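Working notes, structure below.
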Amino acid sequence: MSYWLFKSEPSAYGIDDLARDRVTAWSGVRNYQARNYMRDAMRPGDRGFFYHSSCPEPGIVGIVEVAGPAYADPTQFDRKSRYYDSGSDRAAPRWLNVDVRFASRTRLVGLAELRGAKKLRSMQVLQRGNRLSITPVTEAEWVCVQRLLEKT
DNA sequence: GCCAACGTTGGC
DNA sequence: GCCAACGTTGGC
C-alpha cells in the first residue's frame, strides 16, 4: 500500500467535480515520471490526497483512492484532444493512466500550513520546481497530514 | 503579470 | 551527445 498526491487545477477539474463524478480517469499525463508512477508503482486501493494548484487557495482538499490498474490513456489517440500524441503506437501505447475514486472531502490544508509542518519538509509536492501532477507521499507524511486534519 | 524551475525539442 | 531555446507550470 502506497500513498500519493494528485494535483489538479480546480478550474479544470477540482474536488467538486470528483465528488460529483465519484470516479475519474487521471488521463492527459504527459510526463514520463508521472506515467511510471501510475504504471509501475500504483496499486488499486492505494490512497492519495487531492490537491488544488494554480488557484487562490492551493492545498489539500480531499482524499482519493486508486480505483484500478493503469491502462492505455485514450486521449493519446484522439486527434481532437489537446493530449493527442501522434508518436504513440496503438500496439505499444506511450501513455497510461489509472482511474481515481472520490473518498472524502477534507478541510483545506493550505500550502502555508503544509510548509509549516516540519515532518513535511521533504514532501515532494512542496519542493521547488515541482511540476508533476502525481507525486509519492511517504507513510510518515500521510500520517502527519492526517494529524493536521484532526485539528480544525 | 512576473519569475523560477523544469522537461522537451532540435540544430549542430 | 551537447546545449540553447522554448513551452509549461505554479506560487505569489
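Below, read A as the first sequence line, B as the second, and so on, with proteins coming before strands; counting in each chain starts at 1. None of the values given here were measured: they were computed from a predicted structure.
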### Query
Are A:Tyr71 and A:Asp99 close enough that a side-chain donor and a side-chain acceptor fall under 3.5 Å?
yes
Would you say that A:Phe102 contacts A:Asp21 through its side chain, given a criterion of any heavy-atom pair below 4.5 Å between the two side chains?
no
Separation of C:dT9 atom C1' from A:Tyr83 atom OH, nearest Å, is 12 Å
Of B:dA4, C:dG11, B:dG7, the nucleotide closest to the side chain of A:Ser53 is C:dG11
Rounded to whole Å, CD of A:Gln127 lies from P of B:dG7 at a distance of 14 Å
Walking DNA chain C from its 5' end, the first of A:Arg82 and A:Arg115 to be reached, judged by nearest nucleotide, is A:Arg82
Between CZ of A:Arg128 and C1' of C:dC12 the distance, given in whole Å, is 13 Å
Notebook entry, point to check: Is the A:Trp4 ring parallel, tilted or perpendicular to the A:Tyr37 ring (thresholds 30°, 60°)?
Noted result: tilted
Item checked: side-chain N/O A:Tyr51 vs C:dG11 OP1/OP2, d < 4.0 Å -> yes
Taken to the nearest whole Å, CH2/A:Trp95 to C1'/B:dT8 is 10 Å
Within the 4.5 Å heavy-atom criterion, are A:Ser8 and A:Ile15 side-chain neighbours or not?
no
| said: C:dG10, OP1 or OP2 - any side-chain N/O from A:Arg131 closer than 4.0 Å? | reply: no
Picking from B:dA5, C:dG10, B:dG7, the nucleotide nearest the side-chain atoms of A:Asn31 would be B:dG7
Atom CZ of A:Arg30 and atom C1' of B:dT9 are separated, to the nearest Å, by 17 Å
Atom CD of A:Gln33 and atom P of B:dC6 are separated, to the nearest Å, by 12 Å
To the nearest angstrom, the NZ-C1' distance between A:Lys7 and B:dC6 comes to 11 Å
Rounded to whole Å, CD of A:Gln124 lies from P of B:dC6 at a distance of 11 Å
